[in-house]
Amino acid sequence: QVQLVESGGGLVQPGGSLRLSCAASGSIFSIGAMGWFRQAPGELRELVATVPSDGSTNYADSVKGRFTISRDNAKRTVSLKMNNLKPEDTAVYYCNAAISSYGWDSREYWGQGTQVTVSS
């Protein structure tokens, strides 16, 4: 069974930094685009950053210049380095990936989510 597991969430002060990681495991044939989404209380889930298999990156305007997404195809992981964190960055962060299992078409998978709280 394919699974995505996030790690690295926690409490950090404004202006601080945090690194989130996500590892894919299971019967995986290939992995396409990977990314991070977040959802604050009472808000819709929003895209934070994505990184296709070619290594290019895409960021939401609110995090551009502060966050960096990267992937390691050999390790089947994707990470999100977050710098200069702000209170408005507080949310549950979810890992997402397009994964093809053996004998099946590609589909979207989600991690369980990891809480990031930015507060003084």
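Predicted model only: the values in this text are computed from it and were never measured. Below, each value reflects all heavy atoms present in this structure, side chains not excepted, and no hydrogens, waters or symmetry copies.
- Applying the 6.0 Å contact sphere to CD of Gln13 captures no more than 12 heavy atoms from other residues, nucleotides or ligands.
- The stretch residues 9-103 participates, sequence neighbours left out, in these disulfide (SG to SG under 2.5 Å) pairs: Cys22-Cys95.
- Within 6.0 Å of the CD atom in Gln112, the count of heavy atoms belonging to other residues, nucleotides or ligands does not exceed 12.
- Between the side chains of Asn58 and Thr50, a donor-acceptor pair is found at a separation under 3.5 Å.
- Atom OG in Ser30 sits 9.0 Å away from atom CD1 in Ile99 (nearest 0.5 Å).
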Test log, rule side chain to side chain contact (heavy atoms under 4.5 Å, CB included), inputs Asn73 and Ile31: CA-CA 8 Å; Asn73 293 323; Ile31 302 178; over 6 Å; no
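- Taking a 6.0 Å sphere around CG of Asp105, one finds it holds 12 or fewer heavy atoms contributed by other residues, nucleotides or ligands.
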Ile28 vs Arg76, side chain to side chain contact (heavy atoms under 4.5 Å, CB included): CA-CA, chis, key distance, verdict: CA-CA 10 Å; Ile28 300 173; Arg76 301 194 302 192; 3.5 Å; yes
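- If you take CG on Leu4 and CE on Met34, they are separated by 6.5 Å, rounding to the nearest 0.5 Å.
- Atom CG of Leu85 is separated from atom OG of Ser119 by 12.0 Å, given to the nearest 0.5 angstrom.
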Arg107/Val2 under side chain to side chain contact (heavy atoms under 4.5 Å, CB included): CA gap, chis, key distance, verdict: CA-CA 11 Å; Arg107 57 155 287 188; Val2 174; over 6 Å; no
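- In this structure, Arg38 is not positioned above the aromatic face of Tyr94 in the sense of NZ or CZ being under 6.0 Å from the six-membered ring centre and within 45° of the axis.
- If you run side chain to side chain contact (heavy atoms under 4.5 Å, CB included) between Leu20 and each of Lys81, Glu6, Met82, only Met82 comes through.
- The residues Asp89 and Lys86 are annotated as not salt-bridged, no charged nitrogen and carboxylate oxygen being separated by less than 4.0 angstrom.
- Among pairs with a residue in residues 27-59, those fulfilling ring pair (Phe, Tyr, Trp, His ring centres under 6.0 Å) read Phe29-Tyr102, Phe37-Trp110, at least two apart in sequence or across chains.
- Residues Ala49 and Leu80 share a closest heavy-atom pair of CB-CD1, 4.3 Å.
- By the 4.5 Å heavy-atom criterion applied to side chains, Val116 and Thr90 are not counted as neighbours.
- Looking at Ser21 and Ser79, their side chains never bring a donor and an acceptor atom within 3.5 Å of each other.
- The backbone N or O of Pro52 sits less than 3.5 Å from a side-chain atom of Arg71, completing a donor-acceptor pair.
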